[in-house]
Engineer: 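Quick one: structure below, then a few questions.
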Amino acid sequence: MKTIGAVIFAQNNSSIDYVKLSIFAAQRLQSFLKIPVSIITDSADWMVKTYPTESKIFDQIISIEHTSAYGQKRFNDGTLSSKFLEWKNLSRHSVYDLTPYDKTLVIDSDYIINSGTLLGALESDHSFQIYKDCFSLSSWRGTSEFTRINQYSIPFFWATTFIFEKTIEVKYFFTIVEYIKNNWQYFRTLYSIEVPTFRNDFAFSIAIHLMNAKTSGMFAQELPGKMFYVSDRDLLISLDDTRMKFLIEKENYLGEYTAASIHNTDVHIMNKLSLSRFIDGGLGV
Amino acid sequence: MDEKIEKAFEVVNYMATLSNQRRLLSEETDQKLIYYINGSTFKITPTLINFAKLMIDLKRTVDAVFIDDNNNPVVIADVKEFFDSITKQYFEVTTNYSNKFLAIKSKRKISDLIDL
């Protein structure tokens, strides 16, 4: 019988405690999807010391080496504050070897499960499922930047959430992702990607394109529905059993927001600093 | 700020929130219309419901082939059971949508709008 479970990556930087976010994400995931969750982290000992009770939520704690290789990225915290921080996102391709499950749901620590939507997808026969379509909770922002990796190029896929099964094709897919990561400047130029920082979404999109023999093939099956998200310029203000409330940035009015709420829907909350404050018991603002 | 202008901006904020909440409610509803069967995915639409009903009317109720949202064929062992299940989910979700849509209309404060 196939084992099914979820995996969350957590590699802390100087300001964001990804382990804390992962514990919170795991609690939500278990309460809605009722599957075991494991964590892949470079801070396993620290986690067990800092969160002795909470870390028991994890089925397995999988250690990876602490690496000094990382990118730098601006992390916005609403519209009026931002920080340049390390962005450790270089291990995603290793999930194939690290996961203890035959079929794995991988989520980012800022992807908050709020429904059972993904449960059915875990029963699907497809060996690789990923979100392509997305929906912004902001009415004005639009999603064109997430349609293709650039205006003239290939479709964009979200590495934030995906489901895979251990098959030979999927193994090669992750080999290609690693190859793209190791030759990022080449692939960035080849696919005319403007941002210099390595990003898993781009690497996955390119790898899917290559797996499809550079056509619109069938390797990646789309996850059902859309990936709902709020930007890091928006703020989380509350989250209960099924409802999340946000302050969404207004267009052209710096520091002003519009309230929005969503019910029974999973949301990618890009403002990790706001999410972190909320988990600490604050309002997230 | 002049009191009238302040009131006008309050109304503008309310209208912006109302409009966005309607948009979110519509997408939320779409997400809830996803239906899984035998590892395949369907969005429940009037077209799917009508097709399932047509299959029943044509007495093709056992091991009927449907094409799912990913264009993959899926064999539905019991079409009547499938039909009952999708219509039940469709009516629940759309009734909830209608109730919330009407409730939103009656709310006059932003805080009430985002509580629905």
Side-chain angles (χ1 to χ4, degrees), chain A residues 103 114-127 129 131-141 143 163 165 216 218 220-230 234 237-238 240 242-251 253 256-267, chain B residues 1 6 9-45 48 68-75 85-86 89 92-93 96-97 99-101 103-104 107-116:
Chain A
K103 186 169 244 183
N114 205 25
S115 74
T117 304
L118 289 173
L119 212 47
L122 283 163
E123 287 164 19
S124 166
D125 298 333
H126 303 291
S127 56
Q129 300 174 77
Y131 277 115
K132 184 164 163 288
D133 292 337
C134 63
F135 176 77
S136 169
L137 266 63
S138 158
S139 59
W140 61 269
R141 214 175 269 131
T143 57
I163 294 172
E165 198 171 339
S216 50
M218 299 288 286
Q221 197 76 59
E222 281 184 51
L223 279 168
K226 292 176 183 169
M227 147 89 66
F228 282 55
Y229 72 93
V230 286
D234 306 324
I237 49 174
S238 83
D240 60 23
T242 52
R243 177 170 297 285
M244 297 188 209
K245 293 181 187 172
F246 299 94
L247 289 177
I248 307 290
E249 173 192 20
K250 271 191 190 173
E251 188 177 16
Y253 287 91
E256 291 191 23
Y257 299 89
T258 306
S261 76
I262 191 99
H263 183 249
N264 243 186
T265 307
D266 308 337
V267 182
Chain B
M1 198 190 292
E6 205 170 313
F9 275 115
E10 264 177 39
V11 172
V12 168
N13 270 337
Y14 166 81
M15 292 305 292
T17 310
L18 173 69
S19 151
N20 198 35
Q21 280 307 116
R22 280 188 178 166
R23 184 177 146 270
L24 296 185
L25 189 56
S26 163
E27 281 294 329
E28 208 179 276
T29 302
D30 264 6
Q31 205 82 352
K32 287 172 186 162
L33 286 171
I34 293 167
Y35 183 86
Y36 294 100
I37 185 165
N38 301 344
S40 291
T41 312
F42 291 94
K43 182 183 164 195
I44 308 170
T45 59
L48 178 68
D68 80 354
D69 287 356
N70 293 309
N71 282 324
N72 295 319
V74 53
V75 177
S85 182
I86 58 172
Q89 186 171 329
E92 276 172 11
V93 172
N96 188 38
Y97 182 27
N99 291 342
K100 282 191 174 175
F101 194 88
I104 276 179
K107 302 297 175 193
R108 288 287 166 261
K109 281 193 207 157
I110 288 176
S111 55
D112 294 339
L113 279 179
I114 63 166
D115 272 336
L116 282 171

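Computed from a prediction, not measured in an experiment: that's the story for all the values here. Every chain is numbered from 1, with letters handed out A, B, ... down the list of sequences.
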Engineer: Considering non-hydrogen atoms only, spot the tightest contact between Asn20(B) and Ala260(A) and give its length.
Structural biologist: ND2-CB, 3.9 Å
Engineer: Would you please name every residue forming a ring pair (Phe, Tyr, Trp, His ring centres under 6.0 Å) with Tyr97(B), sequence neighbours left out?
Structural biologist: none
Engineer: Given a strict heavy-atom distance threshold of 4.5 Å, which part of Glu27(B) is in contact with chain A: side chain, backbone, both, or neither?
Structural biologist: both
Engineer: Which atoms of Lys226(A) are under 4.5 Å from chain B, going by heavy atoms: the side chain, the backbone, both sets, or neither?
Structural biologist: both
Engineer: Please find the pair of heavy atoms, one from Thr265(A) and one from Met244(A), that lie closest to each other, and give the distance.
Structural biologist: O-CE, 3.9 Å
Engineer: Please classify the contact between Lys32(B) and chain A as side chain, backbone, both or neither, with a heavy-atom cut-off of under 4.5 Å.
Structural biologist: side chain
Engineer: Non-hydrogen atoms of chain A under 4.5 Å away: do they reach the side chain of Asp115(B), the backbone, both or neither?
Structural biologist: both
Engineer: Do you know which of Thr41(B), Asn13(B), Thr17(B) has the most heavy-atom pairs with chain A at a distance under 4.5 angstrom?
Structural biologist: Thr17(B)
Engineer: Which distance, rounded to the nearest 0.5 Å, do you find between the CZ of Arg108(B) and the CG of Leu113(B)?
Structural biologist: 8.5 Å
Engineer: Can a donor-acceptor pair be found, under 3.5 Å and without considering hydrogens, that links the side chain of Asn114(A) to the backbone of Thr242(A)?
Structural biologist: yes
Engineer: Chain B: which of Leu119(A), Ile262(A), Asp125(A), Ile248(A) shares the most heavy-atom pairs with it under 4.5 Å?
Structural biologist: Ile262(A)
Engineer: With a 4.5 angstrom heavy-atom cut-off, could you sort out which part of Asn70(B) is near chain A: side chain, backbone, both or neither?
Structural biologist: both
Engineer: Give, as side chain, backbone, both or neither, the part of Phe228(A) having an atom under 4.5 angstrom from any heavy atom of chain B.
Structural biologist: side chain
Engineer: How would you list, by chain and number, every residue that makes a side chain to side chain donor-acceptor pair (under 3.5 Å) with Glu249(A), sequence neighbours excluded?
Structural biologist: Arg141(A), Arg233(A)
Engineer: With a 4.5 angstrom heavy-atom cut-off, which part of Leu24(B) approaches chain A: side chain, backbone, both or neither?
Structural biologist: both
Engineer: Any chance you could measure Ile114(B), atom CD1, to Ser238(A), atom OG, to the nearest 0.5 Å?
Structural biologist: 7.0 Å
Engineer: Quick check for you: among Glu256(A), Lys250(A), Glu123(A), Lys245(A), which has the greatest number of heavy-atom pairs under 4.5 Å with chain B?
Structural biologist: Lys245(A)
Engineer: In terms of heavy-atom proximity below 4.5 Å to chain B, should Asp266(A) be classed as side chain, backbone, both, or neither?
Structural biologist: neither
Engineer: Mind listing the closest non-hydrogen atom pair of Asp68(B) and Val74(B) along with its distance?
Structural biologist: CB-CG1, 4.5 Å
